[in-house]
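As structure tokens, the structure follows; a few thoughts come after it.
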Amino acid sequence: MASRFNPLKADAAWQKAWDDNRTFAARDDSPKPKSFVLEMFPYPSGRIHMGHVRNYTMGDVLARYRRMTGHEVLHPMGWDAFGMPAENAAMERKVHPGSWTRANIATMKAQLKRLGFALDWTREIATCEPDYYGHEQALFLDLLEAGLVYRKESAVNWDPVDMTVLANEQVIDGRGWRSGALVERKKLSQWFLKITQFADELLDGVRGLEHWPDKVKLMQENWIGKSEGLQFRFKLSDGGEVEVFTTRPDTMFGSSFVAVAADHPIAQSLATDNPEVQAFIERCKQGGTTAAELETQEKLGFDTGIRATHPLDASWELPVYIANFVLMDYGTGAVFGVPAHDQRDFEFATKYQLPIRRVVSEGSQTAPEFHGTEAYTGPGTIVNSHFLDGLDIADAKREVIRRAEAGGWGTGTTVWRLRDWGVSRQRYWGTPIPIIHCESCGPVGVPKDQLPVVLPEDVSFDIPGNPLDRHPTWKQVDCPKCGSPARRETDTLDTFVDSSWYFLRFASQPSDQPFDKAVAEQWLPVGQYIGGVEHAILHLLYARFFTRALQHIGKIDVAEPFAGLFTQGMVTHETYKSLDGRWLSPEEIRKDSAGAVEIASGDIVTLGRIEKMSKSKKNTVDPEPIVDQYGADAVRWFMLSDSPPERDLEWSENGIEGAWRFVQRLWRLFDGLEDAQGEDKDLDRRLHRTIAGVAEDIDALTFNKAVAKLYELTNAIERAQPSASRNTAIRTLVRVVAPMVPHIAEQAWAEMGGEGLIADAPWPEVDPALLVDDEVTIAVQVNGKLRDTLVMPKGAPKDQVEAAALGAEKIVRALEGNAPRKVIVVPDRLVNIVA
RNA sequence: GCGGACGUGGCGGAAUGGUAGACGCCGGGGACUUAAAAUCCCCUGCCAUUCGGGGCGUGCGGGUUCGAGUCCCGCCGUCCGUACCA
């Protein structure tokens, strides 16, 4: 045996062995229990980064462990390959988005392979290939047929220079992020998916997901934003009506004004012949939408002079304002104000000297006069409200809704924050929407036997706009219904559609349909899904919706695609700044005892915050040279060490060095195996405790704890005298570390004469008898302070433990002759003497 | 503002209400070596110490308990999400 583990040789050899044996190809027909382990598939941006390495290492440990515990594991990998960066690259470097993307995939696939991930590459998919997006087009048509897709005019952010639609995130201070041009609101006909039809289901469903982080569940709940209340009409003094929505119908008798949004029809119609109203509306539109601005922005109102009649008291009139804080796209775009019990209304009423009337008791305060400095929104009894007096808030709500419905002036309603999902994108590098627009037939779905609608290759990116739209022939087709000349839809689908069903395609990929129902159902739901928390809302909500929509149309009998979700932390690194404020990369600086200096200039470098690795801050560390230097196992081990997986992990030179040292320590143990006799009961126990503990930790994804336990076992083995027990411990250790450091484990397994590949070996069995000690250390406290410890046989009777504790020399001294007043004995743990 | 998470040595972090600081990193001392690297051994929360042991310690202030890092109440701070949601 070699004296040192050489990852350069071993990594490649074992990766080849796994490939040659198709070790990680999942078998649909396996009789074993199935386990679907999935990490969010990457966007092929060019190179793997440390975030990928951490994410895929975690999933890999779980996948390998599941295999060892007798599961048939599906652990696939693919590419979320459509999207803007490819088009940007096309514009900047004159490369076709397809060749750019495919080259990136090739690079990144090779990089992933070097990390030795137990991936089923036979199921690799790239969303930019027709044999993926063609099936997506079929699903789109199915949803269209089922009425879950519709077309609607909708306002978008339009960049007039790049001639493209921008996502909200791409609009910075009202300007396009690339062109810098002022962004316009433009109305376009767009395709929408009816996610709102599933709002209730999605809300109920997310609450039932036991193995999701509460944080993500809460974010989704807030995003869906269910509000139950009353929608009702006010009659107006100008003969019209205004519809408002409230979640607090119980406070009807506390209202003192009605307010409508600046773009509400009432405001708009007043503006046509009233310059004052026009000016006010203009003023509302100014003012930013950033957090800071909104917080400080004043509540502004304009009294229209119109009066609204209170629906429960015809003699009561309320002024109608136009107000800057009312949003047209939520509820009805109009509200009624109850200043005493809503903070926003309170501020408005204070400013415009409107009545503030208490209608909910606050402790003993029940008088209508309200003297607080802020609105009271807590619980209480309804007061000063005629027939509602004495009811609690919930009952009063029900009563008002009942009367509104009986009287025909309002209805109990649920309002959602969630909007339907607009999926049209005016871009080239996406799934073509399989629709043909015909002058006489309207939009017609492309017949399924003509799918896929393939992106044309001969496109140019030298001028702005959508290359599909200006392609000379691509959009010219005949209507599939009537045969007359028609126009192909030139919009493509939002890339979030691509990632909304890829897990189904991983589970089953027949050529003639998107997936086979029965086969996919064997694998789904994904048992453990792992990815970044940045996808907590959009991707995870869209994928959940898409699965439910497919269930709705009978394509699959699964409601929730991801049974378990884990959101891992980021990989971070120190940042460095030069004297003149430039970001510096780790390679550009040198650290010494005095601090850090810039190598090129010798100038002092400022150490910045520890931040997520990003190109803009130049604090990235490319994984590939690190793998070259230390091998895959050390990199994997470091990714699992120290930081709890949900928290950020700081990349450090010392950390990877430590991981490298550990890999070599393992090798010395494996390599130094020699015949020895005799039993070492302590080591036996420690081994079995470690097997059980590491198993538990991997199941719970608390890899940092598993790592600590493995260090402890390794320390113990190193210190132990030669014995048969020690040899067993070393042989067993190989299997226990195998999911984390698979290459060295295979090498050791082979050299120890293990059968087959360790990737196929079973997880070592735990002997329950060895999990319990015969002796325990019992802490002895006096008045809660530790004074001594006793070693006692496990399960020693209470009185015996108490006697031993009271007899101990240190305890006698600590008691200073005082008689114990009380003695608490916790079996096998501690004795506390109260003196 | 609202919602959430978190706050433990020089650092990353362990700890079913029961011996706080496991494990790793950094640091110090020693062994091996001509020397270095590698490796191995010892020390390493703070304070004072007669070297037996002692006092103080989990953001701050209270409380519950025989016993609180852990539970409860009130503050302070950091990070994340969200944005006038009626």
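Throughout, protein chains are lettered first and strands after them, A, B, ... in sequence-line order, and every chain is numbered starting at 1. Quantities reported herein were computed from a predicted structural model and do not represent experimental measurements. Just the heavy atoms: all of them, side chains too, but no hydrogens, waters or symmetry mates, feed the values below.
- A:E712 comes within 4.0 angstrom of sugar-phosphate atoms only, judged by non-hydrogen atoms across all strands, and of no base.
- Nucleic acid contact class of A:V826 (heavy atoms, under 4.0 Å, all strands): base.
- Residue A:S652 is classed as having no contact, given no heavy-atom separation below 4.0 Å to the nucleic acid.
- For A:R647, the side-chain atoms get nearest to B:rA14 when compared with the rest of B:rA14, B:rA20, B:rC25.
- Checked by atom type and distance alone, the side chain of A:N832 pairs as donor or acceptor with a backbone atom of A:G784 at under 3.5 Å.
- On the P atoms, B:rA48 is 34 Å away from B:rA37, given to the nearest whole Å.
- Of the N and O atoms on the side chains of A:R665 and A:N715, at least one donor lies less than 3.5 Å from an acceptor on the other residue.
- Using a 4.0 Å heavy-atom criterion, one finds that A:V326 contacts the bases of the nucleic acid, with or without backbone contacts as well.
- Look at A:K226 and you won't find any side-chain N or O under 4.0 angstrom from OP1 or OP2 of B:rC85.
- A:Q568 and A:R647 form no side-chain donor-acceptor contact under 3.5 Å, judged by distance and modelled atom types alone.
- Shown here, B:rA22 forms no base pair; nothing in the strands shown gives a Watson-Crick or G-U wobble contact with both key distances under 3.5 Å.
- The side chain of A:R661 lies closest to B:rC25, out of B:rA15, B:rC66, B:rC25.
- Going from atom CD1 of A:I656 over to atom C1' of B:rG24 covers 13 Å, rounded to whole Å.
- A cation-pi contact links A:R417 to A:W223, judged by a cut-off of 6.0 Å to the six-membered ring centre and 45° from its axis.
- Neither side chain, A:T572 nor A:D648, offers a donor N or O lying under 3.5 Å from an acceptor on the other.
- If you measure from atom CG of A:L218 to atom C1' of B:rG4, you get 7 Å, rounded to the nearest angstrom.
- B:rU70: no Watson-Crick or G-U partner with both key distances under 3.5 Å is found in any strand.
- Taking the C1' atom of each, B:rC75 and B:rU65 are spaced 23 Å apart, rounded to whole Å.
- Across all strands, A:K709 comes closer than 4.0 Å to no nucleic acid atom at all (heavy-atom distances).
- Among the protein residues, A:Q781 comes within range of the nucleic acid bases, having at least one heavy atom under 4.0 Å from a base atom.
- A donor and an acceptor atom, one from each side chain of A:Y352 and A:S256, are nowhere located under 3.5 Å apart.
- For A:A779 and A:N783, each mapped to the nucleotide of RNA chain B holding its nearest heavy atom, the one lying further toward the 5' end belongs to A:A779.
- Across all strands, A:D214 comes closer than 4.0 Å to no nucleic acid atom at all (heavy-atom distances).
- Taking the P atom of each, B:rG57 and B:rC6 are spaced 25 Å apart, rounded to whole Å.
- The phosphate of B:rG3 has neither OP1 nor OP2 within less than 4.0 Å of any side-chain N or O from A:N222.
- Against the 90° criterion about 0, the sugar-base torsion of B:rG45 places it in the anti range.
- Between A:M219 atom CE and B:rA5 atom C1' the separation is 12 Å, expressed in whole Å.
- To the nearest angstrom, C1' of B:rG1 lies 19 Å from CZ of A:F348.
- Separation of the C1' atoms belonging to B:rC32 and B:rC25 is 24 Å when rounded to the nearest angstrom.
- The distance between atom CG of A:L538 and atom C1' of B:rU82, rounded to the nearest whole Å, is 13 Å.
- Base engagement by A:T789 is indicated by at least one non-hydrogen atom pair under 4.0 Å involving a base atom.
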The test is side-chain contact (heavy atoms from CB on, under 4.5 Å); show your working for A:L538 and A:Y542 and say whether it passes. CA-CA 6 Å; A:L538 294 183; A:Y542 291 147; 3.7 Å; yes
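- In this structure, of B:rG53, B:rU19, B:rU39, it is B:rG53 that holds the atom nearest to the side chain of A:K810.
- In this structure B:rG9 sits in the syn conformation; its chi angle is within 90° of 0.
- On the P atoms, B:rG7 is 11 Å away from B:rU70, given to the nearest whole Å.
- The closest donor-acceptor contact from the side chain of A:T332 to the backbone of A:E243 lies under 3.5 Å.
- Counting any heavy atom pair closer than 4.0 Å across all strands shown, A:R821 reaches no nucleic acid atom.
- Distance check on atom C1': B:rC80 versus B:rG28 gives 39 Å, rounded to whole Å.
- In this entry B:rG1 has B:rU82 as its Watson-Crick or G-U wobble partner, both defining distances falling under 3.5 Å.
- Side-chain proximity of A:F245 to B:rA86, B:rA14, B:rA38: nearest is B:rA86.
- With hydrogens and angles ignored, no donor-acceptor pair under 3.5 angstrom links the side chain of A:K215 to the base of B:rC80.
- Nearest to the side-chain atoms of A:S643 among the listed nucleotides B:rG12, B:rG24, B:rU39 stands B:rG12.
- Here A:Y711 lies in heavy-atom contact (under 4.0 Å) with sugar-phosphate atoms only.
- Aromatic ring centres of A:F302 and A:Y321: separated by at least 6.0 Å.
- With hydrogens and angles ignored, a donor-acceptor pair under 3.5 angstrom links the side chain of A:R344 to the base of B:rA86.
- No side-chain donor-acceptor contact under 3.5 Å links A:N619 and A:T575.
- Between A:R417 atom CZ and B:rC84 atom C1' the separation is 13 Å, expressed in whole Å.
- Comparing A:G331 and A:V533 by the nucleotide of RNA chain B whose heavy atom lies nearest to each, the residue mapping closer to the 5' end is A:V533.
- OP1 or OP2 of B:rG4 has not a single side-chain nitrogen or oxygen of A:K217 nearer than 4.0 Å.
- Out of B:rG13, B:rG24, B:rC84, the shortest distance to the side chain of A:F325 is found at B:rC84.
- Taking side-chain N and O atoms only, A:R787 has a distance below 4.0 Å to OP1 or OP2 of B:rG54.
- Counting to the nearest Å, the P atom of B:rG1 and the CG atom of A:D342 are 17 Å from each other.
- Residue A:T246 has its side chain nearest to B:rA86 when only B:rG18, B:rA86, B:rC23 are considered.
- For A:R829, whose side chain is taken as the heavy atoms from C-beta onward, the closest listed nucleotide among B:rU19, B:rU39, B:rC84 is B:rU19.
- Checking B:rC23, B:rC84, B:rG53 against every side-chain atom of A:N324, the shortest atom distance belongs to B:rC84.
- Between the base of B:rC66 and the side chain of A:N832 there is a donor-acceptor pair shorter than 3.5 Å.
- Here the C1' atom of nucleotide B:rA86 and the CG atom of A:L230 are 12 Å apart, to the nearest Å.
- Across all strands shown, B:rU64 has no partner, as no Watson-Crick or G-U wobble contact with both distances under 3.5 Å is found.
- On the P atoms, B:rG55 is 45 Å away from B:rC2, given to the nearest whole Å.
- Side-chain atoms of A:A708 lie closest to B:rC23 of the nucleotides B:rC40, B:rA83, B:rC23.
- Separating the C1' atom of B:rG24 from that of B:rU19 is a span of 22 Å, rounded to the nearest Å.
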